[in-house]
Amino acid sequence: MSEVRRYQPQSIETTWQKAWEDAGLHETPELGTGEKGFYALSMFPYPSGNLHMGHVRNYVITDVVARVQRMRGARVLHPMGWDAFGLPAENAAIERGVDPAVWTDRNIASMRAQLKQLGLSIDWKREVTTCHSDYYRWTQWLFLEFLEAGLAYQKEASVNWDPVDQTVLANEQVDGDGRSWRSGALVEKRKLRQWFLKITAYADRLLDDLAELPGWPERVRTMQANWIGRSHGAELHFPVVDAAGELTGEQIRVFTTRPDTVFGVSYLVLAPDHPQVNALTSPEQGQVVEAFCQLVARQSEQERTAEDRPKRGHHLGAWARNPANGERIPVWIADYVLADYGTGAVMGVPAHDQRDFLFARQYELPVRRVIIPEGSDDHAFEGAAWTGSGVLINSGRFDGLNGAEARTAIIAAAETEGWGLGRQQYRLRDWLISRQRYWGCPIPVIHCEHCGVVPVPADQLPVTLPEHPDLSGKGVSPLAQIKSWVEVDCPGCGRPARRETDTMDTFMCSSWYYLRYSDPANDTLPFSRENANAWLPVDQYVGGIEHAILHLLYARFFTKVLRDRNLLSFSEPFQRLLTQGMVQGLTYRNASSGRYIAPTEVVDPADPKDPVTGEQLETFFEKMSKSKHNGVDPAAVIDRYGADTARMFILFKAPPEKDLEWDDADVEGQFRFLQRIWRLVNAAQERGLSLQTVMVIDSQQTLTTSERELRRAVHTAIAAISEDLDGEFQFNTAISELMKLSNAMGQHLEASRPALACEALRSLVVLLAPFAPHLAEDLWLKLGGRTDQDELTTSSVHCQSWPVVDHTALIRDTITVIVQIKGKMRGNLEVPAGADNATIEELALTSAIADKWLQGRRPSRVIVVPGKLVNLVP
RNA sequence: GGGGGCAUGGCGGAAUCGGUAGACGCAGCGGACUUAAAAUCCGCAGACGGCAACGUUGUGGGGGUUCAAGUCCCCCUGCCCCCACCA
């Protein structure tokens, strides 16, 4: 051969990417009235500057889903955008003086270019960018909806305060030791007045509606349920008494999930920062208590909540009366009680709660057993808290009731007698959305001395960020330092007022972006009801498990609120969710020093040594990250093998929800596979085969053995791949079916007549299209699936409909039946395809297998599974 | 501590409703082509025994149900993830 002809993805891919874009192949089609389109959505990225393999995996999965749906006749929305506000841009500004807007736009441009190299069927005309005012205008508009609905409010909340830089820090800017990431100073807690969204008002619906999401992974639903953390119990009221036992008129409210243990209460405990602490502390205890509270306040969250640390507390010098039995009990404070869960106060029942037990033992508080296991009559305390179920003792009129009965009866008594009520409690807290940062969506309210909090009128939105800020990284809110921006006239009274200087948590921006894609150019509303209802809920959402709780919960919350505001008519945004596993890279570590070594520094991968010390390195797979030097750059892979190989590898190597180990040898293997297909099609073309010629398979004509094998392989592949792409997505087995088909074609194609060869070639290329779109398109043209003159928008391989299985091609004359003797496989038997059970039994009994293993004995039992096996039991 | 998940060859992973365990691929081995190598093509391949036919054994460990168990039930071990002094 005079010229080297081989598969060269680089030229193929750029050519087709341009052709598709010019033809507008991936633009979202119009929907008919009342028609629901198919919405395939990837979690949009933060524009950090470069694409990593996790992104690639995410978007390739969604892309295959979108492409298969199109080929199945659906009208598909497959958009992309940018979650573009956030800390890294602001840090770049502080450290290098780059304008966050410029930095972000530059990153978006380079990431968009990288994404386009992957050949994703994205409609770029619908791109949204959360930091552009034509988007965040509507984030502000939606905030005002929450405000109007009474779901946004202000309250004091503590922030991380860096005393050196005099600034507020995000949690991720505080390291494990409670020090600032930049100044290294010990971070303090400071109270600021901040904005919250009342997500707790939706706690029940967010929890209960999880049942309506069968298309979500069980584990994500469980994580959300645990996060919401609804528990059933009671709020009990303990009157405060003085030293003489007289009521003072005050009371302490506690929350408990075990009202049945109320007769076992031997003390009460308040959180150190509980509002009643000051009032309850006796003068003699004042100093010690205050010292104790300060000590606890200085501890970090982590220190305080470590379960294994000893519990510490102090008696306040106050007393309360147990409303159930009238006993006088001491009131304590302790570090193990949290102010912001329940009522911030608990009743101590050492006999039936492990924490209370440890606390009581340490401070020698009395322990009284009030529940014994069913059937036991041992009333003595056994030396450990009994938290199981049982029967009440020492509980007056409730003695003898079991746990559940007792809970109901005691709550009922408390309600009638006025010392408590049944209540539900949630772990979920309201969502703090204030951020003391510049690079975020401004909260559109104005503070006026006369009118109070005044929303910015809708026609004055957006409240735009001041351009070219001078960010120092110091001070409370960066926006507060820009006088010209802060000082405005009150929209209500016209007198001088001040803008809110906090910006919103970026999760606000990402809680509704999926709605904007349905109507991205709307300049009168964030989205129209009609467009949102036509495309949403999202049919398939794909993204990382790291968003299992926050993002997905907030998005669900938004959808429910917007539905209640009558802006939508559905209440769950994402019908089906796929959480893809992470991409891991080969990691080298020096076990003694803990140092990570870059693969490029390792001389012999078979026997990896530390290039500096010569020590043996340990190798393993771990999530790709800069600090571990185990990342693989998508651009380099595309450069070398092309996007189609990268796509195929990622889809084939592991099921989508499992972690994927990046392996260069396997990438090479995928490339070889695509090359094999390329050669197969080219050889066929040289043989003169063309899809332009109409080929009819004459059903009268008998097929040769090769031809029948070929047809069976084609239709087996169609059936198997179709099934793999239905329901659970099994891209890995779908691709293995493509490999089987190509193997069979290598064997039978040449020996088959053109009509049959063409059917096989056409099927192979069409089935390949969602996975390796560029190669498929190129081979489609080469095979004459279309001509250069045809419009791409109708004749592209991606516009072909999904192949249909011809079940007659799968029929065989004979089938192989397994012969078992007492459940053990001993051989197999060719029987006519239509043979009934009696025939199969007869054939098995007279077979050589039966002779050998039964030696003339008659089986006592014969089990025939039609078409599968026959089991002879002696 | 609570909740969820996983465990299959040298490796990644297949296996419908309980019905031939190891599809497909990677790495490996053998052969063809080549002066040679690469590439390509063909073949072998769980482990143990055997020249072979074949046999035994085998899905983290133990028990059970069944004609038949990777799959269902019980117990145990190991690993991963989430939440965690939540009253």
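Below, chain A is the first sequence line, B the second, and so on; all start at residue 1.
- Here B:A23 presents its P atom at 17 Å from CG of A:D724, a figure rounded to the nearest Å.
- A:E737 comes within 4.0 angstrom of nothing in the nucleic acid, heavy atoms only.
- Aromatic pair A:W662/A:F621: centroids not less than 6.0 angstrom apart.
- Between A:R221 and B:G4 there is no side-chain polar atom (N or O) within less than 4.0 angstrom of OP1 or OP2.
- Heavy atoms of A:F652 sit under 4.0 angstrom from at least one base atom.
- A:Q354 contributes no side-chain N or O that forms a donor-acceptor pair with the base of B:G1 under 3.5 Å.
- If you take atom P in B:A69 and the same atom in B:G61, they sit 15 Å apart, rounded to whole Å.
- As rounded to the nearest Å, B:G10 and B:G46 have P atoms that lie 11 Å from one another.
- Atom-to-atom, CD1 of A:I849 to P of B:G55 comes out at 10 Å; the value is rounded to the nearest Å.
- Within the 4.0 angstrom heavy-atom criterion, only backbone atoms of the sugar-phosphate kind lie near A:R219; the bases stay farther away.
- Using a 4.0 Å heavy-atom distance criterion, A:M223 is classed as a sugar-phosphate-only contact.
- In this structure, A:K658 atom NZ and B:C79 atom C1' are separated by 12 Å, rounded to whole Å.
- The partner of B:C54 is B:G49, by the rule that a Watson-Crick or G-U pair needs both atom distances under 3.5 Å.
- Residue A:Q820 is classed as a base contact, given a heavy-atom separation below 4.0 Å to a base.
- Using a 3.5 Å distance cut-off with no hydrogens or angles, the side chains of A:Y336 and A:D356 do pair a donor with an acceptor.
- Seen from the ring of A:F359, A:K311 does not count as a face-on cation partner, given the 6.0 Å and 45° thresholds.
- Between A:R423 and the phosphate of B:A87, there is no side-chain N or O to OP1/OP2 separation shorter than 4.0 Å.
- Residue A:R826 places at least one side-chain N or O under 4.0 Å from the OP1 or OP2 atom of B:U56.
- In the model, A:T733 has a side-chain atom that pairs as donor or acceptor with a side-chain atom of A:D724 under 3.5 Å.
- Straight-line distance from the CG atom of A:L872 to the P atom of B:U20: 16 Å, rounded to whole Å.
- Nucleic acid contact class of A:N743 (heavy atoms, under 4.0 Å, all strands): sugar-phosphate only.
- With both ends at atom C1', the span from B:U59 to B:G50 equals 26 Å, rounded to whole Å.
- Across all strands shown, A:G669 has heavy atoms under 4.0 Å from sugar-phosphate atoms exclusively, and none from any base.
- Separating the OH atom of A:Y426 from the C1' atom of B:C83 is a distance of 19 Å, rounded to the nearest angstrom.
- Nucleotides B:G19 and B:U71 are separated by 11 Å at their P atoms, to the nearest Å.
- Between A:R427 atom CZ and B:C82 atom C1' there is a gap of 10 Å when expressed in whole angstrom units.
- In terms of polar N and O atoms assigned as donor or acceptor, the side chain of A:N871 comes within less than 3.5 Å of the base of B:C67 in a complementary pairing.
- B:A15 and B:U20 have their C1' atoms separated by 11 Å, with the value rounded to a whole Å.
- The aromatic rings of A:H314 and A:F292 are tilted relative to each other, their planes meeting at an angle between 30° and 60°.
- For the pair A:D663 CG and B:A27 C1', the interatomic distance rounds to 9 Å; values are reported in whole Å.
- Within the nucleic acid shown, A:V873 comes within 4.0 Å of sugar-phosphate atoms alone, with no base atom in reach, counting heavy atoms only.
- Residues A:Y588 and A:E618 have side chains that never bring a donor and an acceptor to within less than 3.5 angstrom of each other.
- Across all strands, A:R429 comes closer than 4.0 Å to base atoms (heavy-atom distances).
- For the pair A:F255 CZ and B:C85 P, the computed distance is 16 Å after rounding to whole Å.
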